[in-house]
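Just so you know, ligand 1 is whichever comes first in the structure, and atom 1 is the first atom listed for that ligand.
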Amino acid sequence: MTRFEKLKSQIDPKKLPNHIAVIMDGNGRWAKKKGAGRLYGHKNGVESVRAIVEASVEIGLKYLTIYAFSTENWSRPEDEVKGLLKLILDSLVNEIDQMSKNNIVVRFIGSNDNLSLEYQKKIQDECKKSWNNTGLNFNIAMNYGGRLELIDAIKEMMPEIISGDINKDNLDEKIFEKYLYTSDIPDPDFMVRTSGEKRLSNFLIWQSAYTELYFTDILWPDFKKEAFLEAILDFQNRNRRFGGV
Ligand code: FPP
């Protein structure tokens with residue numbers, strides 16, 4: 001039995017998180033340790049994405065969301081930004097058929113601001129190929145920022161408040177959530193961040209109100225299937241009370 005199979009056998013399918021969100025951090029530091037440029041780290045990070053997507057399919061996870069590019073990432077050096085945008089699109093183009101064969105539904109969530117129409121269309125056209133699938137829902141947060149998501153939601157909702165279609169006295173969490181990028185995605189039960197940083201960094205800030213958090217020192221390009229299953233086993237030992245007793 002491989003170590004992966006052993007870990008997999010320890011997972012209780014009844015206590016599997018429904019939705020795992022992942023902050024993939026540490027690509028730059030990983031590359032630096034190898035004396036290479038930051039993009040080399042991101043390229044190797046894609047291999048870890050493949051690994052956790054495969055593991056997610058193998059264990060029957062329903063939702064997986066990764067933080068690929070944040071609204072704050074535009075402030076990185078131009079070469080890195082360009083490289084990341086290209087890497088994300090190229091990875092999607094290269095992997096979509098294989099993902100589709102594995103019954104995966106691929107969606108991008110985030111803002112369109114600053115992304116060219118051509119880029120948006122390419123992403124949309126690739127993702128669409130997977131939309132008849134019924135297996136793992138794989139969400140890629142791209143040009144995503146949690147605060148911007150809330151502002152965007154308010155902007156979308158405002159005309160309906162003004163027209164009276166929504167009565168402001170009836171506005172509640174359920175109605176508000178319909179205007180988020182994640183309107184048809186359940187809240188994550190579990191969030192993993194690699195590389196030793198212990199922050200949310202503007203990721204799914206509304207949706208993670210009751211999410212269990214998990215931090216590991218492993219740098220993202222070294223985070224593979226086994227580390228992912230270890231994180232899930234940690235989750236299964238937690239006692240979730242949602243503010244109750
Ligand atoms: C954080 O590491 C990582 C990112 C900002 C980019 C992650 C993106 C990928 C791995 C590509 C995703 C691809 C697909 C398939 C959609 P960092 O650069 O902040 O590392 P550091 O903190 O060590 O500098």
Side-chain angles (χ1 to χ4, degrees), residues 20-57 63-102 104-111 114-115 119-120 122-130 136-146 148 181 185 191-204 215-225 227-228:
I20 303 180
V22 181
I23 303 178
M24 316 181 282
D25 198 6
N27 295 345
R29 277 162 284 164
W30 185 89
K32 196 170 179 192
K33 281 210 298 192
K34 301 226 175 305
R38 301 179 56 81
L39 272 172
Y40 181 71
H42 297 316
K43 281 185 184 144
N44 280 275
V46 174
E47 297 310 312
S48 297
V49 174
R50 184 184 292 115
I52 64 158
V53 169
E54 280 175 13
S56 297
V57 170
Y63 293 88
L64 175 71
T65 303
I66 61 166
Y67 204 1
F69 190 92
S70 77
T71 45
E72 289 75 26
N73 286 153
W74 292 105
S75 65
R76 293 190 175 202
E78 197 187 331
D79 278 2
E80 186 178 353
V81 169
K82 271 196 182 149
L84 269 172
L85 294 185
K86 181 165 161 29
L87 181 65
I88 290 166
L89 181 58
D90 289 352
S91 304
L92 178 68
V93 171
N94 292 335
E95 303 289 340
I96 192 74
D97 289 341
Q98 188 62 26
M99 288 195 284
S100 242
K101 262 191 214 144
N102 282 293
I104 300 172
V105 183
V106 185
R107 281 200 199 89
F108 271 63
I109 58 168
S111 162
N114 302 318
L115 293 176
Y119 192 88
Q120 292 172 38
K122 277 187 188 156
I123 297 260
Q124 178 91 343
D125 287 347
E126 294 300 321
C127 287
K128 269 186 187 159
K129 297 177 184 169
S130 74
L136 172 71
N137 287 281
F138 177 40
N139 307 306
I140 299 166
M142 165 73 197
N143 198 20
Y144 176 90
L148 180 61
Y181 308 144
I185 302 171
M191 189 180 294
V192 172
R193 182 172 190 153
T194 57
S195 90
E197 309 291 344
K198 298 183 177 68
R199 297 185 286 278
L200 292 187
S201 297
N202 205 13
F203 191 39
L204 301 175
F215 301 102
T216 168
D217 288 340
I218 301 174
L219 302 176
W220 180 250
D222 288 331
F223 190 86
K224 297 291 191 267
K225 285 180 171 187
F228 189 56

- Item | Atom indices of ligand 1, in the order listed, that fall short of 4.0 Å to a heavy atom of Ser91 | 15 (C)
- Item | Contact check, side chains of Val49 and Phe138, non-hydrogen atoms, under 4.5 Å | yes
- Is the closest side-chain heavy-atom distance between Glu54 and Val57 below 4.5 Å? no
- Nearest neighbour in protein (non-hydrogen) for atom 10 (C) of ligand 1: Asn27 ND2, 3.6 Å
- Protein residue, atom and distance nearest to atom 4 (C) of ligand 1, heavy-atom basis: His42 CE1, 3.9 Å
- Query: Which part of Glu72 is near ligand 1, with near meaning a heavy atom under 4.0 Å away: side chain, backbone, both or neither?
  - Reply: neither
- Query: What is the closest protein heavy atom to atom 5 (C) of ligand 1, and at what distance does it sit?
  - Reply: Asn73 OD1, 3.7 Å
- Query: What atoms of ligand 1 come closer than 4.0 angstrom to any heavy atom of Gly28?
  - Reply: 17 (P), 18 (O), 20 (O), 21 (P), 23 (O), 24 (O)
- Among all protein heavy atoms, pick out the one at the shortest distance from atom 13 (C) of ligand 1; state its residue, atom name and that distance to 0.1 Å. Val46 CG2, 4.0 Å
- Which segment of Arg38 sits under 4.0 Å of ligand 1 when only heavy atoms are counted: side chain
- Asn44 vs Asn27 side-chain heavy atoms within contact, under 4.5 Å: no
- Item | Sub-4.5 Å side-chain heavy-atom contact between Leu200 and Met191 | yes
- Would you call Arg50 and Gln98 a side-chain contact if the rule is heavy atoms closer than 4.5 Å? no
- Return the orientation label for the Phe203 and Tyr67 ring planes: parallel under 30°, perpendicular over 60°, tilted otherwise. parallel
- Any N or O of Trp220 closer than 3.5 Å to N or O of ligand 1: no
- Query: Under 3.5 Å, side chain of Ser48 to main-chain N/O of Pro221, donor-acceptor pair present?
  - Reply: yes
- Message: Please list the nearest protein heavy atom to atom 12 (C) of ligand 1 with its residue and the distance rounded to 0.1 Å.
- Response: Met24 CE, 4.0 Å
- Query: Under 3.5 Å, side chain of Ser100 to main-chain N/O of Lys129, donor-acceptor pair present?
  - Reply: yes
- atom 19 (O) of ligand 1 - nearest protein heavy atom and its distance: Arg76 NH2, 2.8 Å
- Those atoms of ligand 1 less than 4.0 Å from some heavy atom in Ala68: 6 (C), 7 (C), 8 (C)
- Query: Is it the side chain, the backbone, both or neither of Ile140 that has a heavy atom closer than 4.0 Å to ligand 1?
  - Reply: side chain
- Message: Starting from atom 22 (O) of ligand 1, what is the nearest protein heavy atom, named by residue and atom, and what distance separates them?
- Response: Arg29 NH2, 2.9 Å
- Query: Considering only heavy atoms from C-beta outward, does the side chain of Ser195 approach that of Arg29 to under 4.5 Å?
  - Reply: yes
